[in-house]
Amino acid sequence: MKDIILVVSLLLAVGLSVVVVRLAEKADKAGKSMEEEHYSRMVAEETLQKNSAKLTTLQEALKEDQDKMAKIEDILDQEKNVNSDLKKQYDQLSEAKANLETKLQTVLQEKAKATAALEQAQPGTPPVVNVQPAAQAAH
């Protein structure tokens, strides 16, 4: 009977040992799995932080570029206004020049008529001719 109890005890001890070893292996696998998950989470958090920092940097750069674009647009608007004002001034000066040229032609024609009338009134005196170069007359 002692032998049977001894054999049963040994079998029980071996069985329990097998169960303990298997439980230890499962616990080890669970620990490794947990450790891998923890590592994956750490990597994911680190990547998220890096991406967040990059996003912030890119947003700041975008804002700076948008501010620069707004300043450029303001400058372009100012230049357009200056160009428009210059065009108005040019048009006014062109119109004034045309008016002055018309008046000059009228005055020259009247002068020619007056000179002709004087010559007819005094036939023996030589006419006084005051010739101006065309460049001075146009100014």
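Below, all heavy atoms of this structure are taken into account, side chains as well, without hydrogens, waters or symmetry copies. Note that the structure is a prediction, hence the values are computed from the model and not measured.
Expressed to the nearest 0.5 Å, how far CG of Leu100 lies from CD of Glu95 amounts to 11.0 Å. One distance of note links CD of Gln105 with CD of Glu110; it measures 11.5 Å at 0.5 Å rounding. With rounding to the nearest 0.5 angstrom, the CG atom of Asp77 is 12.0 Å from the CD1 atom of Ile72. Summarising the geometry, atom CD belonging to Gln89 is positioned 10.5 Å from atom CG belonging to Asp91; distances are rounded to the nearest 0.5 Å. In this structure, Ile75 CD1 and Lys80 NZ are separated by 13.0 Å, a value rounded to the nearest 0.5 Å. Of the inter-residue distances, the one linking Leu10 atom CG with Asp3 atom CG reads 10.5 Å to the nearest 0.5 angstrom.
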(message) Between Glu60 and Thr56, does the side chain to side chain contact (heavy atoms under 4.5 Å, CB included) criterion hold? Intermediate values first, please.
(response) CA-CA 6 Å; Glu60 290 172 0; Thr56 302; 3.7 Å; yes
(request) Take Leu58 and Leu62 through the test side chain to side chain contact (heavy atoms under 4.5 Å, CB included) and record every step on the way to the result. (result) CA-CA 6 Å; Leu58 291 174; Leu62 177 63; over 6 Å; no
(request) Take Glu36 and Lys32, measure what salt bridge (Lys or Arg N to Asp or Glu O under 4.0 Å) needs, and give me the verdict at the end. (result) CA-CA 6 Å; Glu36 286 176 5; Lys32 285 182 181 178; over 6 Å; no
(request) Could you walk me through whether Asp67 and Lys71 pass salt bridge (Lys or Arg N to Asp or Glu O under 4.0 Å), step by step? (result) CA-CA 6 Å; Asp67 291 344; Lys71 289 178 183 177; over 6 Å; no
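Enclosure of atom CD1 in Ile4 is not indicated, since only 12 or fewer non-hydrogen atoms of other residues, nucleotides or ligands lie within 6.0 angstrom.
At a threshold of 4.0 Å, the pair Glu37-Arg41 counts as salt-bridged, since one of the basic side-chain nitrogens sits closer than that to a carboxylate oxygen. Electrostatic pairing of Glu64 and Lys68 does not count as a salt bridge here, judged by no charged N lying under 4.0 Å from a carboxylate O.
Between the Ser17 side chain and the Ala13 main chain, a donor and an acceptor come within less than 3.5 Å of each other.
A chain of hydrophobic side-chain contacts below 4.5 Å, direct or via other Ile, Leu, Val, Met, Phe, Trp or Tyr residues, connects Val8 to Leu16.
Partners of Asp85 according to the side chain to side chain contact (heavy atoms under 4.5 Å, CB included) rule, which considers only residues two or more places apart in sequence or in another chain, do not exist here.
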